[in-house]
J.: 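Can you keep this structure in mind? I'll have questions shortly.
The sequence lines fix the lettering, A, B, ..., with proteins before strands; numbering per chain opens at 1. Just so you know, these numbers use all the heavy atoms, side chains as well, and skip hydrogens, waters and symmetry mates.
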Number of protein chains: 2
Amino acid sequence: MRADENPSGAAPQSVEDFRMRLADLGDTLPKRLQQCATYVAANLDRIAVSTVAEMAAGADVPPSAFMRFCQIMGFSGYSDLQRLFREAYAPGFPDYATRLANLKSGAGGAGRLLAEFVEAGRMSLEGLAKSVDEAALAQAVDVLSRAGVIHVVGMRRAFPVASYLAYVFEKMTVPAMLHEGAGKLDQRHALREGDAVLAISFAPYSEETLSLAADARARGLAVVALTDTLSSPLARAADAVLTVQEVDFGAFRSLSATIAMAITLAVAVGTARKA
Amino acid sequence: MRADENPSGAAPQSVEDFRMRLADLGDTLPKRLQQCATYVAANLDRIAVSTVAEMAAGADVPPSAFMRFCQIMGFSGYSDLQRLFREAYAPGFPDYATRLANLKSGAGGAGRLLAEFVEAGRMSLEGLAKSVDEAALAQAVDVLSRAGVIHVVGMRRAFPVASYLAYVFEKMTVPAMLHEGAGKLDQRHALREGDAVLAISFAPYSEETLSLAADARARGLAVVALTDTLSSPLARAADAVLTVQEVDFGAFRSLSATIAMAITLAVAVGTARKA
DNA sequence: TAGCATATGGAACAAATATTCCAAATTCAA
DNA sequence: TTGAATTTGGAATATTTGTTCCATATGCTA
């Protein structure tokens with residue numbers, strides 16, 4: 001799309017119009033303008049109080065690209081766009097704390113649940129940042145970056161984490177294999193000399209994961225454990241033990257902290273292997 | 001009162017401080033400054049989005065009088081005062097992009113990486129709490145709790161989320177089926193009248209997910225989308241669209257907010273179906 | 001009312017911000 | 001690969017906005 005071409009005439013007259021136009025534009029935009037669109041869609045409430053430079057920085061584009069975006073959207077420039085949002089600004093969008101309080105006190109239902117899970121997630125992340133054992137983390141990274149193939153295993157609640165790790169490893173071109181319990185088809189013959197196992201398990205620990213870790217250990221492979229406590233049965237078979245505590249809400253445990261640990265591990269290993 | 005005299009030292013640090021200072025000043029102010037105080041008290045919410053000129057016009061005083069008012073209140077000028085209100089409104093804003101740039105140059109091992117991913121996760125959760133569309137969430141819960149079997153589909157980065165949903169649904173005894181792209185074995189014959197599809201996809205959207213959603217839609221099944229923007233191609237085929245933005249760190253995106261949304265959805269649906 | 005202190009308005013200046021423009025990079029098609 | 005068309009980034013410029021300063025006005029006290 002050429003920058004001097006205004007796809008559908010006049011500028012949006014309301015925030016609603018604006019959102020529709022944004023949706024219409026969809027994915028027809030070149031890269032930088034797409035970044036603007038995405039960032040703006042996620043931060044509509046900041047337009048009224050930010051400068052072009054700030055918005056551009058947020059979208060990670062130069063200011064001039066953001067200006068082009070404004071024009072594509074049908075405005076004469078950023079000031080013009082901003083006027084729309086300043087006029088519409090009824091201090092409607094409250095800040096995080098207020099919003100959370102509203103959600104919690106609200107008539108219940110899903111919004112309330114969400115507030116609780118968000119809060120639990122934040123607390124888990126905070127706890128992780130405070131309690132991380134950096135030595136163990138460094139050791140885990142070291143072990144995994146020397147390995148041939150990394151075998152990732154996790155069942156039940158740990159399976160999403162395992163599959164996420166497999167995905168990130170793949171993106172970073174680290175040789176990795178996801179072991180699924182599916183069909184109880186044992187994939188452990190794929191373990192070779194020099195490989196490593198990254199095992200993820202939380203109480204109640206799944207038998208398959210424990211046995212794969214123990215097996216690998218017995219055959220002299222390195223094992224890294226991602227688990228809930230140092231006294232976990234998984235810890236016994238491991239060369240490096242990473243622990244993550246999730247704050248639970250009701251009977252449910254989310255995965256915020258575990259996922260954060262997982263991506264850290266994957267990125268650190270990926271980086272180390274390239275060096 | 002002399003204009004160069006600052007009645008009680010430092011500038012207010014919060015909107016609450018500000019109001020108290022305003023009240024303290026009471027009616028000890030000269031006429032023009034009193035006008036400012038009155039107008040400001042009645043229009044606190046406009047400060048963030050107005051220029052001095054506009055505020056001054058509102059208070060019916062010249063801009064210079066308004067500037068004096070700002071200084072009497074303990075600020076260095078209008079910009080200083082305005083910053084208080086802009087920050088109160090969008091806390092923690094300044095500014096992730098800048099920090100990222102700093103980080104890239106700085107050293108630091110895995111511990112540092114972890115801190116960044118934790119921070120990104122926290123910001124994502126905050127963003128979710130602020131931007132959640134409660135109506136869409138309620139609708140999604142409604143649709144899914146009426147469905148026969150819930151078909152969960154997600155590839156690549158969305159796959160961990162899909163598998164997590166399948167796990168939680170199972171724990172709550174909600175009939176659900178996880179569609180894996182694996183082996184390209186098409187499982188869509190499992191879709192039956194009265195079922196619903198819960199599709200998860202982020203840019204770049206995976207073809208399989210889109211086509212399954214479109215297919216289900218064409219056959220009259222309900223579709224709920226969990227995606228990154230309202231303009232996502234997935235949104236077009238859906239009866240309810242939930243959007244979640246993850247703050248990225250470098251080239252990497254975690255899943256904190258997405259997982260929080262997923263567990264909320266699963267628990268809300270599970271609860272609704274039991275009622 | 002004279003003399004002084006304070007308040008006021010506006011014009012001049014400074015700083016921040018928006019906007020344009022164009023050379024260089026990139027992408028796409030032949 | 002070459003050339004045409006588009007996209008991109010940044011430097012130059014224009015505009016808006018914030019801030020200071022001071023001559024004048026106002027109100028108070030003696």
J.: Please determine whether a side-chain nitrogen or oxygen atom of A:T51 lies at a distance below 4.0 Å from atom OP1 or OP2 of C:dA16.
T.: no

J.: Could you tell me if the ring centre of A:F18 sits under 6.0 Å from that of A:F85?
T.: yes

J.: What's the separation between atom OG in B:S124 and atom CE in B:M261, rounded to the nearest 0.5 Å?
T.: 12.5 Å

J.: So, is A:S79 close to the C:dT19 phosphate, meaning a side-chain N or O under 4.0 Å from OP1 or OP2?
T.: yes

J.: Atom CZ of residue position B:R217 - does it have more than 12 heavy atoms of other residues, nucleotides or ligands inside 6.0 Å?
T.: yes

J.: Closest approach to the side chain of B:S64, judged atom by atom: which nucleotide of D:dT8, D:dT20, C:dT8 is it?
T.: D:dT20

J.: If I take atom CZ in residue A:F69 and atom C1' in nucleotide D:dG9, what distance separates them, rounded to the nearest angstrom?
T.: 18 Å

J.: Just compare C:dT19, D:dT7, D:dG18 and give me whichever is closest to any side-chain atom of A:P30.
T.: D:dT7

J.: What's the closest nucleotide to the A:Y78 side chain, out of D:dT8, C:dA18, C:dG9?
T.: C:dA18

J.: Round to the nearest Å and state the distance from A:Q82 atom CD to C:dA16 atom P.
T.: 17 Å

J.: Between atom CZ in B:R68 and atom C1' in C:dG9, what is the gap in whole Å?
T.: 8 Å

J.: Compare the minimum distances between each of C:dT8, D:dT20, D:dG9 and the side chain of B:M67, then state the nucleotide with the smallest one.
T.: D:dT20

J.: Which whole-number value in Å describes the distance from A:D80 CG to D:dT15 P?
T.: 16 Å

J.: Is a side-chain donor or acceptor of A:Q35 paired with a backbone partner of A:A59 at a separation under 3.5 angstrom?
T.: yes

J.: Tell me the closest heavy-atom pair linking A:A268 and A:V141, and the distance in Å.
T.: CB-CG2, 3.7 Å

J.: Atom CE of A:M55 and atom C1' of C:dT19: how far apart are they, to the nearest Å?
T.: 17 Å

J.: Counting side-chain heavy atoms from C-beta on, which of C:dG9, D:dT8, C:dT17 comes nearest to B:P62?
T.: C:dG9

J.: What is the distance from CZ of A:F75 to C1' of C:dA18, rounded to the nearest Å?
T.: 16 Å

J.: To the nearest Å, give me how far apart CD (A:Q71) and P (D:dT8) are.
T.: 14 Å

J.: Starting at atom CD1 of A:I72, determine the distance to atom P of C:dT20, rounded to an integer number of angstrom.
T.: 14 Å

